[in-house]
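Beneath this line is the structure, given in structure tokens, with notes to follow.
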2 protein chains.
Amino acid sequence: MNLTIRQLTTFREVLRTGSISEAGRTLGRTQPSVSAMIAGLENEIGFRLFEREHGRLTPTPEAHYFLEEAEAVLSRLTQSTHTLQEISNLKRGRLRVACHPAASGFFMPGVLGQFLQDKPAIKASLMMRSSKVIEELIASQQYDLGFTETPEPRKSIHQQDFDLECLCAMPASDPLAAKSLISTEDLDGANLATLFSEHPTFLQTSAAFKNTGKSFERRFELRTFLPGLQFVKAGLCYLICDLITAFSCNDPLHGTGGIVFRRFSPRISSSVSILTPAHRPASLITQSFSQKLAEDINAMKENVFL
Amino acid sequence: MNLTIRQLTTFREVLRTGSISEAGRTLGRTQPSVSAMIAGLENEIGFRLFEREHGRLTPTPEAHYFLEEAEAVLSRLTQSTHTLQEISNLKRGRLRVACHPAASGFFMPGVLGQFLQDKPAIKASLMMRSSKVIEELIASQQYDLGFTETPEPRKSIHQQDFDLECLCAMPASDPLAAKSLISTEDLDGANLATLFSEHPTFLQTSAAFKNTGKSFERRFELRTFLPGLQFVKAGLCYLICDLITAFSCNDPLHGTGGIVFRRFSPRISSSVSILTPAHRPASLITQSFSQKLAEDINAMKENVFL
DNA sequence: TGTATCCATAGTTTGTTTCTATGGCCAAAG
DNA sequence: CTTTGGCCATAGAAACAAACTATGGATACA
């Protein structure tokens, strides 16, 4: 027995209307077409669904059993098409994001929140992890998208890199706040907070001072930039800080009001990347989110100079 | 979106085997056929199900969602075809039988029991009612099949009549038991039990005695024949009894051992009928049962003369 | 560098579905 | 009593969908 959807819908309509001609009309087909389809259907299932007498149609008792089955299949199918449409419209799916600490406090939640605004049926997870762990989570396909400092390229990871410019953080009351571009000369001998010695931003910063022959005074050594902002706020030091952490100061919860950021010369860069598993196609949701994330990163690069 | 069963099964097989060529092989179709069907399917649902890279196929994350939906629809459909096959094989359905008292004690349960032997999924109901009530239950289509004494024909009832011969009941020890055919002369002046005066068997019996000029001694007047058998057993009377009640004496539960039945001349007939609703097609089960019932009635007519 | 396997495309063939046209039947209306 | 208009079934033609064969490009493996 090899039933088709078309047979089921046709039968349902014939039973509902009680007439082959009428069913043909509502289905937008001709009477002979419907007649033949019902005849073929009866032939396939092995018993009559309608009794033809006096040129009229009377459903057999078996027809009501068949209707139950047809309705069940058709309603399940309708549900499926609805689900598929939701998938197609990005209304349904799963999105697992792993994010390094700098962005996970403010930037990423903001982007993700906006993205999910009109997508109630998306199951999202946002996990904060160190850059190394994030690489593993992406390479092993346990997460759909990672956002970290740019790692060494790997075969199992696809990455999209963004070169971000570091900014110099200082209290709003600081005299240097009057300048729009800070140089090593401005910070000659001043107290600085930096990350640990292996970090690219430290290497670039110390090299900048060395190359310009200025004195580099490292007063604080940090794992991440964020806590350093408190020292800046207290007037204890300056901080050459990555763009995302700087951007996070837009969040009033951070308690970093009263700090301003200025461009720094020479340019210190802190590169971040969007990571996705290389050996598996990204889901539509992931693709869409990845695109929005990239746009928002670029928007941040633009807007910070307003 | 207008999905077909064929698309769903094809997709399922491609995902299962991970290859269009392999799926084509197991489905008994060619590779281009499967390829085109998947392409058409992707086109309809609006997103890719497989990524084609390096000439190989990788399912997208969405494909797994789609598989769930496809499996759900297909399994529901499979269940339906199974149910339909059961209906076709008379393994599933409903059978409501209304039966008059004479047959409902032994004959009808026996026939129905045999009929349902190999039909575990049939829901049956057997109701004992007076002949008048049975007519109404059939005319109003509340029951599928009725078995009663032959009623007046009605438009709303289809009936199949059986002319049954009445037999004379007597104790096995009775001298008349030696004869194979009993006549009014044999019972001249003997005590008889009969039904009430309006019943056709009473009318025929009394007429038989009158026509042959023999004395008709009615000692017991009954509503049904069955209790009369106890009087016969006690040697209190003879009883011209319908065939079905006589047949019921095969049941050891009846406590009617020691009674024998002999043909009677002139022939007294007691006609019974199978009733079905006229304005509604009978279900396959009803048709089948009605046929077996008719066969068993005819078999009873034959076997009683062994 | 063959060789084999994969998938996609193109064009043809096959088979199903739908159409139009027609005929039989019945019931209600003229 | 005949006409009319509704119903359904059948037959043949047209349209469509789905299958096939044949072929080409790409990749992996020997």
Side-chain angles (χ1 to χ4, degrees), chain A residues 1-45 47-60 63 70 74 77 155-156 278-281, chain B residues 1-45 47-60 62-63 66 70 74 77 155-156 278-281:
Chain A
M1 199 185 320
N2 216 340
L3 302 177
T4 70
I5 302 293
R6 215 165 171 73
Q7 285 173 319
L8 298 185
T9 53
T10 305
F11 163 74
R12 177 174 63 177
E13 195 58 23
V14 172
L15 192 62
R16 199 183 68 75
T17 62
S19 148
I20 285 186
S21 301
E22 183 60 25
R25 255 170 252 131
T26 63
L27 290 170
R29 286 187 279 160
T30 59
Q31 170 264 316
S33 157
V34 176
S35 177
M37 181 144 283
I38 295 296
L41 178 57
E42 287 179 328
N43 203 45
E44 241 173 71
I45 62 180
F47 52 88
R48 305 272 100 184
L49 292 167
F50 299 94
E51 223 47 66
R52 285 82 162 167
E53 39 192 12
H54 319 308
R56 291 299 145 109
L57 229 54
T58 323
T60 62
L74 291 174
L77 184 71
K155 278 250 194 71
S156 55
H279 297 322
R280 193 188 57 177
Chain B
M1 199 184 321
N2 216 339
L3 302 176
T4 70
I5 303 294
R6 217 166 172 72
Q7 284 173 318
L8 298 185
T9 52
T10 306
F11 163 75
R12 177 173 62 176
E13 195 57 22
V14 172
L15 192 62
R16 198 182 68 75
T17 62
S19 147
I20 284 186
S21 301
E22 183 60 24
R25 256 169 250 130
T26 63
L27 290 170
R29 286 188 280 159
T30 59
Q31 170 264 318
S33 157
V34 176
S35 177
M37 181 144 283
I38 295 294
L41 178 58
E42 288 179 327
N43 203 47
E44 239 172 75
I45 62 180
F47 52 89
R48 304 274 103 185
L49 292 167
F50 298 94
E51 223 48 66
R52 284 84 163 166
E53 40 192 12
H54 318 306
R56 290 299 143 108
L57 230 52
T58 324
T60 62
E62 285 74 26
F66 188 77
L74 291 174
L77 184 72
K155 277 248 195 75
S156 55
H279 298 322
R280 192 188 59 177

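Given the structure is predicted, the values throughout are model-derived calculations rather than measurements. Chain letters run A, B, ... following the sequence lines, proteins first, then strands; residues in each count from 1.
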Would you tabulate the side-chain donor-acceptor contacts of residues 33-45 of chain A under 3.5 Å, counting partners in other chains and residues two or more places apart, or write 'none'?
{"from": "E42(A)", "atom 1": "OE1", "to": "R48(A)", "atom 2": "NH1", "distance (Å)": "3.4"}
{"from": "E42(A)", "atom 1": "OE1", "to": "R52(A)", "atom 2": "NH1", "distance (Å)": "2.9"}
{"from": "E42(A)", "atom 1": "OE1", "to": "R52(A)", "atom 2": "NH2", "distance (Å)": "3.2"}
{"from": "E42(A)", "atom 1": "OE2", "to": "L49(A)", "atom 2": "N", "distance (Å)": "2.7"}
{"from": "E42(A)", "atom 1": "OE2", "to": "F50(A)", "atom 2": "N", "distance (Å)": "3.1"}
{"from": "E42(A)", "atom 1": "OE2", "to": "R52(A)", "atom 2": "NH1", "distance (Å)": "2.9"}
{"from": "E44(A)", "atom 1": "OE1", "to": "N2(A)", "atom 2": "N", "distance (Å)": "3.3"}

What is the distance, to the nearest angstrom, from the CD1 atom on I38(B) to the C1' atom on dA18(D)?
14 Å
Take nucleotides 6-19 of chain C nucleotide by nucleotide from the 5' end and write B, S or -, depending on whether a protein heavy atom sits under 4.0 Å from the base, only from the sugar-phosphate, or from neither.
SBBB-------SSB
Interatomic distance, L8(B) CG vs dA18(D) P [rounded to whole Å]
13 Å
Which is it for R280(B) and T58(A) under the side chain to side chain contact (heavy atoms under 4.5 Å, CB included) test, yes or no, and what are the steps along the way?
CA-CA 7 Å; R280(B) 192 188 59 177; T58(A) 323; 5.6 Å; no
Salt bridge (charged side-chain N to carboxylate O under 4.0 Å, His left out) pairs, two or more places apart, involving residues 27-38 of chain B:
none
Going through the distances and angles, do L57(B) and E51(B) end up as a side chain to side chain contact (heavy atoms under 4.5 Å, CB included)?
CA-CA 6 Å; L57(B) 230 52; E51(B) 223 48 66; over 6 Å; no
Name every donor-acceptor pair, under 3.5 Å, that has one atom in a side chain of residues 14-21 of chain B and the other anywhere in the protein, sequence neighbours excluded.
{"from": "R16(B)", "atom 1": "NE", "to": "E13(B)", "atom 2": "OE1", "distance (Å)": "3.4"}
{"from": "R16(B)", "atom 1": "NE", "to": "E13(B)", "atom 2": "OE2", "distance (Å)": "3.3"}
{"from": "R16(B)", "atom 1": "NH2", "to": "E13(B)", "atom 2": "OE2", "distance (Å)": "2.7"}
{"from": "T17(B)", "atom 1": "OG1", "to": "E13(B)", "atom 2": "O", "distance (Å)": "2.9"}
{"from": "T17(B)", "atom 1": "OG1", "to": "V14(B)", "atom 2": "O", "distance (Å)": "3.4"}
{"from": "T17(B)", "atom 1": "OG1", "to": "S19(B)", "atom 2": "N", "distance (Å)": "3.4"}
{"from": "T17(B)", "atom 1": "OG1", "to": "S19(B)", "atom 2": "O", "distance (Å)": "3.1"}
{"from": "S19(B)", "atom 1": "OG", "to": "S21(B)", "atom 2": "N", "distance (Å)": "3.2"}
{"from": "S19(B)", "atom 1": "OG", "to": "E22(B)", "atom 2": "N", "distance (Å)": "2.9"}

